[in-house]
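Heads up: the structure comes next, in structure tokens.
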Amino acid sequence: MVKRVLLKCELCGQVFTSNSLYYQHKVLQHSDYKPIVKEDGYECPICHEKRKRLEPMLTHMGLQHLINNPIRTEIVQ
């Protein structure tokens, strides 16, 4: 028996299987902040931290700068 934890967005109800996907969703769908596109990657508009790829930048922004209250649900498969 395998237990998985699903994260449900408290704003729209969309369900995610990983923390990073949840945080990326929060930034893209429910935030006014968007990463700044630079020649060598992406920059956080809040703290100016840099990442080479978009996904890690979105995860950083969601985790560090947004208030997050996912609804955690355990399922057994």
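Throughout, residue positions are numbered sequentially from 1 according to the sequence presented. Computed from a predicted structure; not experimentally measured.
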Taking the side chain as everything from C-beta on, heavy atoms only, tell me whether Leu7 gets closer than 4.5 Å to Val15. no
What one should report as the nearest heavy-atom pair of Met57 and Cys44 is CE-N, 3.6 Å
Where is the tightest heavy-atom contact between Pro35 and Leu54, given as atom of each residue plus distance? CG-CD1, 3.9 Å
Answer with yes or no whether the hydrophobic clustering places Tyr23 together with Leu11; edges join I, L, V, M, F, W, Y residues whose side-chain heavy atoms lie under 4.5 Å apart. no
Any side-chain heavy-atom pair from Met61 and Pro45 closer than 4.5 angstrom? yes
Criterion side chain to side chain contact (heavy atoms under 4.5 Å, CB included) on Cys12 and His30, from CA distance to verdict: CA-CA 9 Å; Cys12 69; His30 304 299; 3.6 Å; yes
Set of side-chain hydrogen bond (donor to acceptor under 3.5 Å, both in side chains) partners for Gln29, sequence neighbours left out: none
For a side chain to side chain contact (heavy atoms under 4.5 Å, CB included) check, start with the C-alpha distance between Cys9 and Lys26, then their side-chain angles and the critical distance, and finish with the verdict. CA-CA 8 Å; Cys9 178; Lys26 288 287 288 212; 4.2 Å; yes
So, taking the atom named CZ in Arg51 and the one named CG in Asp40, what distance separates them when rounded to the nearest 0.5 Å? 13.0 Å
Could you pull out the closest heavy-atom pair between Val27 and Tyr33, with the gap in Å? CG1-O, 3.7 Å
Under the criterion side chain to side chain contact (heavy atoms under 4.5 Å, CB included), I'd like the reasoning laid out for Val37 against Tyr42: C-alpha separation, chi angles, the key distance, then a yes or no. CA-CA 5 Å; Val37 179; Tyr42 299 89; 3.9 Å; yes
Grab the two heavy atoms, one from Cys47 and one from His65, that are nearest each other, plus how far apart they are. SG-NE2, 3.6 Å
Approximate separation, where rounding is to 0.5 Å, of Lys8 NZ and Glu10 CD: 11.0 Å
CD/Gln64 to OG1/Thr59 distance, rounded to the nearest 0.5 angstrom? 10.5 Å
Side-chain (Lys34) to main-chain (Leu28) donor-acceptor, under 3.5 angstrom: yes
Over 60° means perpendicular and under 30° means parallel, so tell me whether Phe16 and Tyr22 are parallel, tilted or perpendicular. perpendicular
Residue pair His60 / Lys50, side-chain heavy-atom distance below 4.5 Å: no
Shortest non-hydrogen contact from Lys38 to Glu43? CE-OE1, 3.1 Å
